[in-house]
Number of protein chains: 2
Amino acid sequence: MNAPVAPPKRTRRTKGGLTLVDVARVAGVAPITVSRVLNSPEKVSPDLVQKVRAAIERTGYVPNLLAGSLASTKSRMVAAILPTIAGSVFIDTVQALTENLAAAGYQLILGQSGYENSREDELLEAIIGRRPDGIVLAGIMRSEQGRRRLQASAIPLVETWDLTPTPADMLVGFSHEDIGQAVAEFLYQRGRRRVGVISASDERAQRRNRAFLQAAVRLDMQGADGKIPFHTISAPGTAAGGRAGLRALLADHPDLDAVFCSSDMVALGVLTEAHKLGIDIPGRLAVVGLGDQPFAAETYPALTTVHLDGRKMGQIAAQFIIDRIAGTPIPEVVRNIGFTIVERESA
Amino acid sequence: MNAPVAPPKRTRRTKGGLTLVDVARVAGVAPITVSRVLNSPEKVSPDLVQKVRAAIERTGYVPNLLAGSLASTKSRMVAAILPTIAGSVFIDTVQALTENLAAAGYQLILGQSGYENSREDELLEAIIGRRPDGIVLAGIMRSEQGRRRLQASAIPLVETWDLTPTPADMLVGFSHEDIGQAVAEFLYQRGRRRVGVISASDERAQRRNRAFLQAAVRLDMQGADGKIPFHTISAPGTAAGGRAGLRALLADHPDLDAVFCSSDMVALGVLTEAHKLGIDIPGRLAVVGLGDQPFAAETYPALTTVHLDGRKMGQIAAQFIIDRIAGTPIPEVVRNIGFTIVERESA
DNA sequence: TTGAAAGCGCTAACAC
DNA sequence: GTGTTAGCGCTTTCAA
């Protein structure tokens, strides 16, 4: 039974790609030495480093990071999961993430979950299956199953753009409830008494709206019929949705004197429709957006809006993950970065 | 010399993660059967599929795609390389890419090269090192070294948002020269005779501008001094840049009657500044943007602009890569999808 | 400081 | 249909 069996000759599967072994042969060293030159050159004598670098140069070798990741159980990839990237407010966050992660040697992989959470499950499998060293979520993970899978994966996780008493792991964001309340109070202070809302239907917007409505009722800013006029559009909100929303609101509530929009894009639509209808802004109607997108300061009139620091969230999220991987203690794993109402001309 | 050496006992390095072997043990089958259930269930008998699926469910197993990629030399990842994602025109393309690739089981990895091409080389190494099954470039690869590395990697490549007689591989885009010429002719037909340009400094914009200037000179649309006024801002263009640009142009050329802007965002700034200065648009000044971003139809006045179909480019690029991987013959690897001038109110 | 051997977790290639 | 074996290209572990 112990008789050695003649080893069957197998064809190599290699696609002819250059490997570390080839470079080692060219440089006249062991493969592991090439690996060390790549990953920890300080552990290799200068002349060997020299030799190996020359061999890499000569051959045009590009290390296979997939193989490295498998062996080291470190993928040097971080995943970002967004509802959608189109017309989205998360772009600054993604930009900051990419920049900060790239500087630390990490690559971003992007997943779009859709606002309907339709593909969330398979997306999560595709992401976790690639064993990223960290995951950044735009928003919070609300599905209980999703949370369990993420926690079971033990991958460092950062939720963003929201605040919750029960974060799955780390969190950087702000309170949507606080925004709704703050905008209502802001409009009250500016003398507005008949407010309305035009909003996309996503969950975060709805929480802002709820807080806005509560504060508005408390401050007695209802319409003549005792209600706060409300128009819902599908997420993500568009300028066209804002235009339709303003017409709908005014049809039933001609005495409206302020509108809170779920995004700057929606607010832009409101401004445009108001122009068309000959409605003076801010004279007759105040308009407040959300996001402080680059164009918000350049509309006519300039848009009063809620500034959210997307870059900062991206930067902090990246740092969270880098620190967690490095084992650096993180004093506060939940960071509320707040928001500011930027008062321009439209309100 | 051939005496067998006692095998040294090594500790397993495994981090306690669940593997395919564990699932196989639970299901009472060979590891390869689990692999088949995951990748080609039609080759496994229904009752074994059943058993294995149950074991996967029970254990919460998530396949390690890194290991699968290494073994199969297929990563099921596609890389997109952009100058920058912030305020960028490429977002629709990225969105369409992600959607179409996800539907085919591919994940997107994102790389930002910066407009300065500063990090392009290390980015390329980080991307190629991950052995994506395809690479999509926003723009064309101009660096000779970059082209060589990409070609040496033999990874299917799609250049986008441009046209070149010498594509590195596949290409879907449109001619920036044609745009410049078409816009000049459009303005001429609308009776404009004193045109100017406000443009970001990126290379594609400059080619549009060159063609625009040539056509404008040919059509005798120069200013009184025989020159076409020109204002350059840094890339990517912003509304603030557009405002500054309009002031600069008018200072030297008060008789200007049309402006061609390098992006809709720049054009938005021009509209806003014109409002401030009391300049009637389109009465005294025509404004043309580029990109037909969602807000372009909703500015006041609505922006005349060049429509570029970012989604279509993303969709075609995804299809190119999917077909190439599948070995499907691709009749035309260079696709000019053209552009259209969308005439609205501003010109 | 350098190297040999043994994995990392999966799939291709080849039997039965 | 199912299983056995030998890699994929790298890094960890251990030894010198």
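- With C/dG3, D/dT11, C/dA12 as the choices, the nucleotide that has an atom nearest any side-chain atom of A/Asn39 turns out to be D/dT11.
- Nearest to the side chain of A/Ala71, among D/dT12, D/dT11, D/dT4, sits D/dT11.
- For the OP1/OP2 pair of C/dC8 and a distance below 4.0 Å, the side-chain nitrogens and oxygens of A/Thr73 include no atom meeting the criterion.
- Going from atom CZ of B/Arg130 over to atom C1' of D/dG9 covers 15 Å, rounded to whole Å.
- For the pair B/Leu65 and B/Arg76, the minimum side-chain heavy-atom distance is 4.5 Å or more.
- The stretch residues 51-67 of chain B touches DNA chain C through B/Tyr61, B/Pro63, B/Asn64, B/Ala67, each having a heavy atom under 4.0 angstrom from the strand.
- Considering only side-chain N and O atoms, A/Ser45 lies nowhere under 4.0 angstrom from the phosphate OP1 or OP2 of C/dT1.
- For the pair A/Ile32 CD1 and C/dG3 P, the computed distance is 10 Å after rounding to whole Å.
- The base of C/dG3 lies close enough to the side chain of A/Arg36 for a donor and an acceptor atom to sit less than 3.5 Å apart.
- Distances were taken from every side-chain heavy atom of A/Leu70 (C-beta onward) to each of D/dG9, D/dT12, D/dT4; the shortest belongs to D/dG9.
- Between the B/Ser113 side chain and the B/Leu82 main chain, a donor and an acceptor come within less than 3.5 Å of each other.
- Nucleotide C/dC10 holds its P atom 17 Å from the NZ atom of B/Lys74, rounded to whole Å.
- Nucleotide D/dG3 holds its C1' atom 13 Å from the CG atom of B/Leu20, rounded to whole Å.
- When atom types are taken as modelled, the side chain of A/Asn100 and the backbone of A/Ala96 share a donor-acceptor pair closer than 3.5 angstrom.
- Residue A/Ser72 places no side-chain N or O under 4.0 Å from the OP1 or OP2 atom of D/dC10.
- Residue B/Arg131 contributes atom CZ, which lies 14 Å from atom P of D/dC8 at whole-angstrom precision.
- Not a single donor-acceptor pair under 3.5 Å links the side chain of A/Gln95 to the backbone N or O of A/Arg311.
- Atom CG of A/Asp22 and atom P of D/dG9 are 9 Å apart (whole Å).
- With rounding to whole Å, A/Glu42 atom CD is found 10 Å from C/dT1 atom P.
- Ion pair B/Asp169/B/Arg324 flagged as a salt bridge, since at least one NZ, NE, NH1 or NH2 atom sits closer than 4.0 Å to an Asp/Glu carboxylate oxygen.
- Proximity note for B/Thr19 (side chain, C-beta onward) versus C/dG9, D/dT2, C/dG3: the nearest is C/dG9.
- Comparing C/dG3, C/dA12, D/dT2 by their nearest atom to the side chain of B/Thr33 picks out D/dT2.
- Listed nucleotides: D/dT4, D/dT11, C/dT2. Nearest to the side chain of A/Ser35: D/dT11.
- Judged by distance alone, the side chain of B/Arg147 and the main-chain N or O of B/Ser143 form no donor-acceptor pair under 3.5 Å.
- A/Ile135 pairs in a side-chain contact (heavy atoms from CB on, under 4.5 Å) with only one of the listed residues (A/Val158, A/Ile127, A/Ile321), which is A/Ile127.
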